[in-house]
Amino acid sequence: MAGSGLVDQLKKQLEAFTASLFSEGFLDDQFTQLQQLQDESNPDFVVEVVSLFFEDSERLLNELAKALDQQNADFTKVDAHVHQLKGSSSSIGAQGVQRACIAFRNCCEEKNIEGCLKCLQLVKQEYTLVKNKLQTMFKLEQQLLAAQRTSFPM
């Protein structure tokens with residue numbers, strides 16, 4: 001009985017944490033759709049897709065920092081990177097990153113280097129927040145799976 005109590009507690013904790021990610025605006029319905037694509041044949045689908053998002057985002061953020069550090073920033077190149085980051089954040093439902101990218105693209109259109117640098121910091125901040133939240137959610141899921149295996153061995 002102690003094991004099933006832990007399982008119930010972890011389920012509630014995971015459900016509350018996941019709900020907070022939506023209510024606080026970190027994630028949108030696109031993430032729910034991503035979760036619906038996961039099944040027994042591909043149990044790590046969401047983690048894999050989100051991990052690819054993390055890798056891609058890190059690369060794009062580095063490219064953006066380099067491009068904006070140039071004497072004469074190539075705003076077309078910067079905008080292309082921001083557009084790509086906006087698309088990938090949208091595809092996993094990371095709406096904070098997506099919103100920050102929209103503001104970033106406006107600064108690119110205006111060729112506003114100060115605005116672009118501020119937006120880069122904002123995008124990095126939003127990305128770090130959603131990354132930390134998703135990693136926490138995945139850890140909770142792993143704890144729940146481990147508790148279920150211990151409480152209800154096959």
Please name the pair of heavy atoms, one in [X] and one in [Y], separated by the smallest distance, quoted to 0.1 Å.
X    : Y   : answer
C108 : F75 : O-CB, 3.8 Å
L120 : A65 : CD2-CA, 3.8 Å
L37  : F45 : CB-CE2, 3.6 Å
Q143 : L10 : O-CD1, 3.6 Å

Let me confirm one number: the [atom1]-[atom2] distance from [X] to [Y], rounded to the nearest 0.5 Å.
X    : Y    : atom1 : atom2 : answer
Q121 : L61  : CD    : CG    : 9.5 Å
N132 : M137 : CG    : CE    : 13.0 Å
Q13  : L144 : CD    : CG    : 10.0 Å
S20  : E15  : OG    : CD    : 12.5 Å
L140 : K11  : CG    : NZ    : 14.0 Å
D28  : I92  : CG    : CD1   : 9.5 Å

Check your understanding: Passes side chain to side chain contact (heavy atoms under 4.5 Å, CB included), V130 versus L27? Steps please.
Key -> CA-CA 8 Å; V130 80; L27 297 175; 4.2 Å; yes
Which atom pairs, donor and acceptor, lie under 3.5 Å between side-chain atoms of residues 48-60 and protein residues at least two apart or in another chain?
from : atom 1 : to   : atom 2 : distance (Å)
S51  : OG     : V47  : O      : 2.8
D56  : OD1    : R59  : NH2    : 2.6
S57  : OG     : F53  : O      : 2.8
E58  : OE2    : Y127 : OH     : 2.7
E58  : OE2    : K131 : NZ     : 3.1

Check your understanding: Can you check whether K66's main-chain N or O pairs, donor with acceptor, with Q70's side chain at less than 3.5 Å?
Key -> yes
Review point. Has the side chain of N112 got a donor or acceptor atom that lies under 3.5 Å from a matching backbone atom of G115?
Key: yes
Exercise for review: Kindly work out whether a path of hydrophobic side-chain contacts (I/L/V/M/F/W/Y, heavy atoms less than 4.5 Å apart) joins L145 to F17.
Suggested key: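 No, it is not one cluster - the side chains of L145 and F17 are not joined through contacts under 4.5 Å.
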Review point. Are L122 and L85 co-members of a hydrophobic cluster defined by side-chain heavy atoms under 4.5 Å apart?
Key: no
Practice item. Might you work through the side chain to side chain contact (heavy atoms under 4.5 Å, CB included) test for E63 and Q84, ending with a clear yes or no? Key: CA-CA 12 Å; E63 292 291 326; Q84 195 175 353; over 6 Å; no
Without placing hydrogens or testing angles, list every side-chain donor-acceptor pair under 3.5 Å for residues 95-105, not counting sequence neighbours.
from : atom 1 : to  : atom 2 : distance (Å)
Q95  : NE2    : G25 : O      : 3.3
R105 : NE     : D79 : OD1    : 2.8
R105 : NH1    : H83 : ND1    : 2.9
R105 : NH2    : D79 : OD2    : 3.0

**Study point:** Check against side chain to side chain contact (heavy atoms under 4.5 Å, CB included), V46 and F31
**Key:** CA-CA 9 Å; V46 174; F31 189 79; 3.8 Å; yes
Check your understanding: For L117, what residues pass the side-chain contact (heavy atoms from CB on, under 4.5 Å) criterion, not counting sequence neighbours?
Key -> L68, I113
